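This report concerns only the one structure given below.
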Amino acid sequence: MLHIVNKSPFERNSLESCMRMAQEGSTILLTEDGVFAVTKGGVSEKALKNLMASKKISVCALWPDLEARGMADNVIDGVKMVDYGGFVDLVADSANVQSWL
Amino acid sequence: MDEDVSGTVKKFMFVNRKAPYGTIYALESLEVVLISAAFDQDVSLVFCDDGVYQLKKGQQTKAAGMKNFSPTFRALEGYDIEKLYVEKESLEARGLTEDDLLVDVTVMSSAEMADMMAEQDVVISF
């Protein structure tokens, strides 16, 4: 399953809810203001690292959105960068998709 | 023009709390700030919460297909808008420092910011 989060972790609890419900082997894609979650030293670092390690969840971030915000240089290790083509692939390869608004 | 009218200067504070691009708030705020500058008012800009991201260096929006409006912050000086304040607590929570910002700002604590807010004639929030 693919989970998409597009809200800043400082402004909404969308990512928190998503992380609570993401099952082992699923993928979390951060887009738009959601990309602020993958900054090293940020509020979500610990929880994301934990998910990647313990539940084998793949965490991805849309790099055009990181680049737009000047946040592409300080991304947590293990987070995969995807472009728009990669976004389409993730959707196409997933049985279902949940967008956390 | 009548001197009584042109001579009225009020203290305006614009409070920016949203990240750029994800919503239209940041860009709209900047538009209103530029309009207020045309009326020779005493303008202060405050950046707190996700609003501090508006001033992050190195924004490159080409791949995302959006307009990069961050260089406009550097032009504000030319409109006599020189009072830019950033909340210390918001910067720290996001792992950012003053060096990460693209313009000169005054970094202040929440308490100092609260005092300044109380002194304004008009506070407009984005």
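So you know, we letter chains A, B, ... as the sequences are listed, proteins then strands, and number each from 1. On a predicted model such as this, the values are computed, not experimentally measured, just so you know.
The choice from B:Gly95, B:Pro20, B:Ala63 that makes the most heavy-atom pairs within less than 4.5 Å of chain A is B:Ala63. The greatest number of non-hydrogen atom pairs below 4.5 Å with chain A, out of B:Ala64, B:Ala19, B:Ser70, B:Gly58, is found for B:Ala64. Each of A:Gly70, A:Ala72, A:Ala68 has some count of heavy-atom pairs under 4.5 Å with chain B, and the biggest count is that of A:Ala68. The choice from A:Ser8, A:Gly34, A:Gly41, A:Gly42 that makes the most heavy-atom pairs within less than 4.5 Å of chain B is A:Ser8.
With a 6.0 Å radius and a threshold of 12 heavy atoms from other residues, nucleotides or ligands, A:Gln23 has its CD atom at or below the threshold. Within 6.0 Å of NZ on A:Lys55 lie more than 12 heavy atoms contributed by other residues, nucleotides or ligands. Under a cut-off of 6.0 angstrom, the local environment of CG in A:Asp93 is crowded, with over 12 non-hydrogen atoms contributed by other residues, nucleotides or ligands. Residue-environment remark: NZ (B:Lys10) stays at or below the threshold of 12 foreign heavy atoms within 6.0 Å. No more than 12 heavy atoms of other residues, nucleotides or ligands sit less than 6.0 Å from atom OH of B:Tyr79. Heavy-atom contacts from other residues, nucleotides or ligands closer than 6.0 Å to CD of B:Glu82 number more than 12.
Linking ILVMFWY side-chain heavy atoms closer than 4.5 Å, directly or via other members, places B:Met113 and B:Val107 in two distinct hydrophobic clusters. B:Val32 is connected to B:Leu27 through a chain of hydrophobic side-chain contacts under 4.5 Å among Ile, Leu, Val, Met, Phe, Trp and Tyr, so both are in one cluster. In this structure, B:Phe12 is not a member of the same hydrophobic cluster as B:Phe39, with clusters built from ILVMFWY side-chain heavy atoms closer than 4.5 Å. Follow the hydrophobic side-chain contacts under 4.5 Å out from A:Tyr84 and you reach A:Ile4 in the same cluster. No continuous path of hydrophobic side-chain contacts links B:Val103 to B:Val15 [ILVMFWY only; heavy atoms under 4.5 Å].
Note that CD of A:Glu32 is 8.0 Å distant from CE of B:Met66, once rounded to the nearest 0.5 Å. Rounding to the nearest 0.5 Å gives a distance of 4.5 Å between CZ of A:Phe10 and CZ of B:Arg94. Note that CH2 of A:Trp63 and CD of B:Gln60 are 9.0 Å apart. Values are rounded to the nearest 0.5 Å. Put simply, NZ on B:Lys62 and CD on A:Glu67 are 10.5 Å apart, with the number rounded to the nearest 0.5 Å.
If you measure heavy-atom distances from B:Lys56 to chain A, the contacts under 4.5 Å come from the side chain alone.
Counting heavy atoms from C-beta outward, A:Met71 and B:Gln59 have side chains that stay 4.5 Å or more apart.
Of all non-hydrogen atoms in B:Thr23 and A:Asp33, the two that sit nearest each other are N-OD2, 4.3 Å.
Inspection of non-hydrogen atoms places B:Asp50, B:Tyr53 of residues 43-54 of chain B under 4.5 Å from chain A.
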